[in-house]
There are 2 protein chains.
Amino acid sequence: MNLPPLVQTFVLHFGEMGSRWGINRTVGQIYALLYLSKEPLNAEDIVERLGVSRSNVSMGLKELQAWNLVRLQHKPGDRRDYFATPDDIWQIVRTLVEERKKREIDPTMTLLREVLMQEPASAEERHAQERMREMHDLFELLTGWYADVQRLDTERLIQLLTLGSKVQKILEMKDRLFVVPGSKKSRREDPKEK
Amino acid sequence: MNLPPLVQTFVLHFGEMGSRWGINRTVGQIYALLYLSKEPLNAEDIVERLGVSRSNVSMGLKELQAWNLVRLQHKPGDRRDYFATPDDIWQIVRTLVEERKKREIDPTMTLLREVLMQEPASAEERHAQERMREMHDLFELLTGWYADVQRLDTERLIQLLTLGSKVQKILEMKDRLFVVPGSKKSRREDPKEK
DNA sequence: CTGAAATTTCAGAATTTTCTGAAATATCAG
DNA sequence: CTGATATTTCAGAAAATTCTGAAATTTCAG
């Protein structure tokens, strides 16, 4: 591995982290390298810096492209492929979340919907189905929230995240404005707010 | 594998999903099984239902305990260990997020802080450090938001998530109330709001 | 204590994943 | 076209992970 120490530390760390995320070490290292690099790199650059085989880099880049995590570029008068990550780190986050949702949440939701359609054949299955419905509803809530937030432009997204603890205040304010006070239980009635 | 069809479908799916999350198939299956089960199960129950070895179950349960994802219980007059997931699915989500943060985000932040302390020895390292700072700041924003939201009780959390698209409206309202209109650039000044 | 039951540990087998080098394929300037 | 350059494919080697059975350890009732 042929990298400035500072870069190498980061690249090695992301290689290891990759493993915990179902992404292999080399793919993690390639991505880390591209992320830190000012200029786009071609496959041979990556081979030299990471000290892995050309074919390994080829497969790694293919996987990163399948994840939409790298952009393919060309330099004039050079027919090699150059790769880079988006300059905007928020774009990277959005892509990561989107792709993970597509690969993990969506298929799970499909399966849950299918299983919830079936007739339980026993008390055991009835309880299992109830648990699956809880999970289904949870995922629906989370993906619904994500669908909304994901549409915000980055500036508003940052604003929202920065708001943090103040969010609670806003919710309390909303309560005070819209809910008749006096009854702690009044929430349960949930008067079809429009 | 000796399970009602409906349960088996779910258990197999989570076994596969586990792989994508750096958790092995058996661990995923054990967790799925416990999640769906009405009653706590002991190790031998799990062996029978999943058809894997006793030692594999032992190791899987140990891992799930390390993740704080299962509770150990005892039945009177029975000295075997029984395992269950929390009844409250939100508790499960909170634990999952907390543990992943502890294992993935926190060590990464530590590394980033260390590397950002060092003196860059070249233009390349200077740029790399700049990128690392972007990532550091992003993580800081996200974990700060998380720290706040995590404190909300479940009811308010659901309220917040349900709010979804309305969030943007609230932010716009906040803008209109607190920011002097007329200048698109006024943001850059960021007047140390308290 | 004792010994049966329950659980854990761990070395090596089985399986899966990752990686490589060689060959095949694709691309494009001339 | 041709051949030089670039990229991909893929079979098998290498490495890593997962799983098992046997042995060791722990726990506890009697």
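Each chain gets a letter, A, B and so on, in the order its sequence line appears, and its residues count up from 1.
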query: Does A/Ser58 have a side-chain nitrogen or oxygen under 4.0 Å from the phosphate oxygens OP1 or OP2 of D/dT8?
result: yes

note: A/Tyr82, atom OH; D/dT5, atom C1'; distance rounded to Å ~ 13 Å

Nearest heavy-atom approach of B/Pro120 to B/Glu125 is C-OE1, 3.7 Å

With sequence neighbours left out, the residues meeting side chain to side chain donor-acceptor pair (under 3.5 Å) with B/Arg103 are B/Glu99

To the nearest angstrom, the NZ-P distance between A/Lys75 and D/dT5 comes to 19 Å

In whole angstroms, the gap separating C1' of D/dT7 from CG of A/Leu61 amounts to 11 Å

Quick note, ring pair (Phe, Tyr, Trp, His ring centres under 6.0 Å) partners involving residues 6-30 of chain A, not counting sequence neighbours, are A/Phe10-A/Phe14, A/Trp21-B/Trp21

Whole-Å distance, A/Lys62 NZ to C/dA26 P, equals 13 Å

Side chain to side chain donor-acceptor pair (under 3.5 Å) filter on A/Asn24, not counting sequence neighbours, yields none

By side chain to side chain donor-acceptor pair (under 3.5 Å), B/Ser53 pairs with (sequence neighbours left out) B/Ser55

B/Leu142 meets the side-chain contact (heavy atoms from CB on, under 4.5 Å) criterion, sequence neighbours left out, with A/Leu161, B/Leu138

For B/Glu124, the side-chain contact (heavy atoms from CB on, under 4.5 Å) test, sequence neighbours excluded, returns A/Pro4, A/Arg49, B/Ser122

Tightest non-hydrogen contact, residues B/Glu44 and B/Arg54, listed as OE1-CD, 3.7 Å

Note: contacts of residues 30-49 of chain B with DNA chain D (heavy atom, under 4.0 Å) are none

Reading nucleotides 11-24 of chain C from 5' to 3' and marking B where a protein heavy atom lies under 4.0 Å of the base, S where only the sugar-phosphate is that close, and - otherwise, the string is -------SBBB---

Contacts of A/Arg94 meeting salt bridge (charged side-chain N to carboxylate O under 4.0 Å, His left out) (sequence neighbours excluded), chain-then-number -> none

Hits for salt bridge (charged side-chain N to carboxylate O under 4.0 Å, His left out) against A/Glu98, two or more places apart or cross-chain, chain-then-number order -> none

If pairing means Watson-Crick or G-U wobble with both distances under 3.5 Å, then the partner of D/dT27 is C/dA4

In short, side-chain hydrogen bond (donor to acceptor under 3.5 Å, both in side chains) pairs touching residues 126-144 of chain A with sequence neighbours left out are A/Arg131-A/Glu134, A/Arg131-B/Thr85

Whether each nucleotide of nucleotides 23-30 of chain D has a protein heavy atom under 4.0 Å at its base (B), only at its sugar-phosphate (S) or at neither (-) is summarised, 5' to 3', as ----BS--

